[in-house]
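Taking it in order: structure first as structure tokens, then the write-up.
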Amino acid sequence: MKTPDSKGYFGEFGGKFIPETLTRCLKELESSFNFLKKDKSFNKELSFYLKEYAHRPTSLYFAKNLSKRVNLKVYLKREDLLHTGAHKINNTLGQALLARYMHKKRVIAETGAGQHGVATATVAALFGFQCDVYMGKVDIERQSMNVFRMQILGSKVIPVISGSQTLKDACSEAIRDWVANVENTYYLLGSVVGPHPYPLIVRYFQTVIGKEVKRQIRDKERRLPDYLVACVGGGSNAIGLFHPFFDDKKVKFIGVEAAGYGLNNKNAASLIKGKTGVLHGAKSLILQDKYGQISEAHSVAAGLDYPGVGPEHAFYKVTKRAEYVAVTDKEAIQGFKLLSKTEGIIPALESSHAVAYLKKLGRRAPGSIVVLCLSGRGDKDLDIVKAWEK
């Protein structure tokens, strides 16, 4: 099935729910993207930067020690080895080249854990854009080192003090900025969320993950994996891994959400507990109260602290192409320590949710071949884990 359709819908999810002032801008964005993705010089330049600057392809590493602990054969897709330390650079390089083609002088972004903000600040420095990054005050406090990285790279970090002061509110402020400055500003959105064509654009630039995995796992195992596992907040690393395998029906997808304080927490796990609604310009599964007001999500991982999810994930959920599970803060910390102590690899707390789920999967499907997207490294989270110990 080809998704999204011409109006940006993945089944019933997606679309454009936007102020009229953004209609022309999104049409310009869509037409520019549709032209450039077929342009040989654009793709050649993008490939150059992905290889020489970001350091692709990333390795598919057989985690022997971890595999023994979880009773699975686990391969880690090492997106944590990329420049800036996470998969976010795949998307920011592509969109920065798109923004340059559209003759924009300024880029803006939202960020939660700070990884997308750092990746945006990085490409802004590389290509000479003015850059402003919106970040919730709560996230600024718990991800202070990433804030400093953005500032060192020449970008301005703008604190958001409304609402929960986390990723949801940073997105809202970035959209308000974009509405007011559409002529010279490109909104470099960080996940597979937002109005069409953003979920399609971000997916396009992140599918480099799954395409590489497909080649690499065939070289190593002479077959495709039984399971693909990735953490899901907005969902870009997971879609990047899953989508190239969409038609390979024997390959099962498992997206791991944040359950926050516990599995009974109503303010976490959009795909499991969310209801259909509209957030940041698209219809998807959203955490909301009985009156339809958006809930304030919580996770120990700032990058998963979002009350919605990309519409393609919602589509995978209702069509049963993917299974979605949830992991608590406590379990995520355990996953963080497990990978660190078995393989000498310190994962981001976002990725740690996926790692934590492996023990449960090992009891369900022992001996299965699993590819887990290690979406980022954990340097940024050391203070959080240290504080958790107290």
Side-chain angles (χ1 to χ4, degrees), residues 10 60-63 66-67 69-79 87 191-192 203 206-207 209-210 213-214 217 221 223-260 263 268-274 284-285 299 301 303-304 306 309-328 331-332 334-336 338-339 347-376:
F10 302 84
L60 186 67
Y61 168 70
F62 173 50
L66 176 65
S67 295
R69 289 287 295 273
V70 298
N71 203 20
L72 298 164
K73 192 168 188 180
V74 180
Y75 287 89
L76 303 177
K77 183 56 173 165
R78 296 293 307 277
E79 298 298 287
H87 70 292
S191 196
V192 284
R203 183 185 79 184
Q206 291 294 2
T207 50
I209 301 171
V213 166
K214 214 167 199 181
I217 196 67
E221 292 288 339
R223 54 166 284 197
L224 296 181
D226 299 302
Y227 291 91
L228 301 176
V229 180
C231 64
V232 177
S236 64
N237 89 95
I239 285 296
L241 177 63
F242 294 169
H243 187 262
F245 292 85
F246 183 84
D247 293 323
D248 300 296
K249 301 302 182 185
K250 292 184 179 180
V251 181
K252 300 177 181 69
F253 303 166
I254 298 181
V256 186
E257 294 191 282
L263 296 176
S270 305
L271 285 156
I272 296 171
K273 299 174 185 174
S284 189
L285 293 174
S299 170
L304 303 184
Y306 187 68
V309 68
E312 188 164 6
H313 281 294
F315 172 69
Y316 286 6
K317 167 73 183 297
V318 300
T319 59
K320 296 182 168 49
R321 181 60 186 95
E323 176 186 0
Y324 295 93
V325 298
V327 161
T328 66
E331 289 171 323
Q334 292 170 347
F336 181 96
L338 176 64
L339 186 58
L349 278 172
E350 290 77 19
S351 307
S352 298
H353 285 71
V355 175
Y357 186 72
L358 292 178
K359 284 188 175 181
K360 296 177 183 178
L361 182 58
R363 292 193 290 270
R364 274 177 50 184
S368 296
I369 296 174
V370 177
V371 173
L372 183 146
C373 186
L374 197 63
S375 59

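- Residues Val327 and Ala356 approach most closely at CG1-CB, 3.9 Å, considering heavy atoms.
- Atoms OG and CG, on Ser351 and Leu304 in that order, are 8.5 Å from each other to the nearest 0.5 Å.
- Using a 4.0 Å cut-off between charged side-chain N and carboxylate O, Glu257 and Lys273 make no salt bridge.
- Ser284 places a side-chain N or O within donor-acceptor distance of the main-chain N or O of Val309, the cut-off being under 3.5 Å.
- If you take CG on Asp248 and CG on Leu224, they are separated by 5.0 Å, rounding to the nearest 0.5 Å.
- Contact check for Ser368 versus Leu361: no side-chain heavy atoms found under the 4.5 Å cut-off.
- Considering CD1 of Ile217 and CZ of Arg223, their distance stands at 8.5 Å, rounded to 0.5 Å.
- Taking every heavy atom of both residues into account, Tyr227 and Ala365 meet most closely at OH-CB, 3.6 Å.
- Not one N or O on the side chain of Gln206 forms a donor-acceptor pair closer than 3.5 Å with the backbone of Ile239.
- Using a distance-only test at 3.5 Å, with no hydrogens or angles considered, no donor-acceptor pair links the side chain of His313 to the main chain of Val232.
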*List the steps and the verdict of side-chain contact (heavy atoms from CB on, under 4.5 Å) for Ile254 and Arg364.*
CA-CA 13 Å; Ile254 298 181; Arg364 274 177 50 184; 4.2 Å; yes
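- Distance check: Phe10 CZ to Arg203 CZ gives 5.5 Å after rounding to the nearest 0.5 Å.
- With Phe253 as the aromatic partner, Arg321 meets the cation-pi criteria of under 6.0 angstrom to the ring centre and within 45 degrees of the ring axis.
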*Might you work through the side-chain contact (heavy atoms from CB on, under 4.5 Å) test for Leu339 and Leu374, ending with a clear yes or no?*
CA-CA 10 Å; Leu339 186 58; Leu374 197 63; 3.7 Å; yes
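- Between Phe62 and Val74, the shortest heavy-atom distance links the atoms CD1-O, 3.4 Å.
- With a 6.0 Å radius and a threshold of 12 heavy atoms from other residues, nucleotides or ligands, Arg78 has its CZ atom above the threshold.
- Figure legend: Lys249 and Phe246 shown as a cation-pi pair, the cationic atom lying under 6.0 angstrom from the six-membered ring centre and within 45 degrees of its axis.
- Between Phe245 and Pro225, some side-chain heavy-atom pair lies under the 4.5 Å cut-off.
- By the 4.5 Å heavy-atom criterion applied to side chains, Asn237 and Glu79 are not counted as neighbours.
- Considering only heavy atoms from C-beta on, Val192 stays 4.5 Å or farther from His243 through its side chain.
- One N or O on the side chain of Lys214 and one on the backbone of Pro244 form a donor-acceptor pair closer than 3.5 Å.
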*asked:* With side-chain contact (heavy atoms from CB on, under 4.5 Å) as the criterion, how do Leu358 and Leu338 come out once you've worked through the C-alpha distance, each side chain's angles and the decisive distance to 0.1 Å?
replied: CA-CA 11 Å; Leu358 292 178; Leu338 176 64; over 6 Å; no
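- Of all non-hydrogen atoms in Ser352 and Ala332, the two that sit nearest each other are CB-O, 3.3 Å.
- Distance check, rounded to the nearest 0.5 Å: CD1 of Ile272 to CD of Glu323 gives 9.0 Å.
- Annotation: side chain of Ser299 is in contact with side chain of His353 (closest heavy-atom distance under 4.5 Å).
- The local environment of NZ in Lys359 is sparse, with at most 12 non-hydrogen atoms from other residues, nucleotides or ligands closer than 6.0 Å.
- Here the closest heavy-atom approach between residue Ala326 and residue Ala259 is recorded as CB-CB, 3.8 Å.
- Heavy-atom minimum distance, Cys231 versus Ala238: O-CB, 3.7 Å.
- The CD atom of Glu350 lies 10.5 Å from the CZ atom of Phe336; values are rounded to the nearest 0.5 Å.
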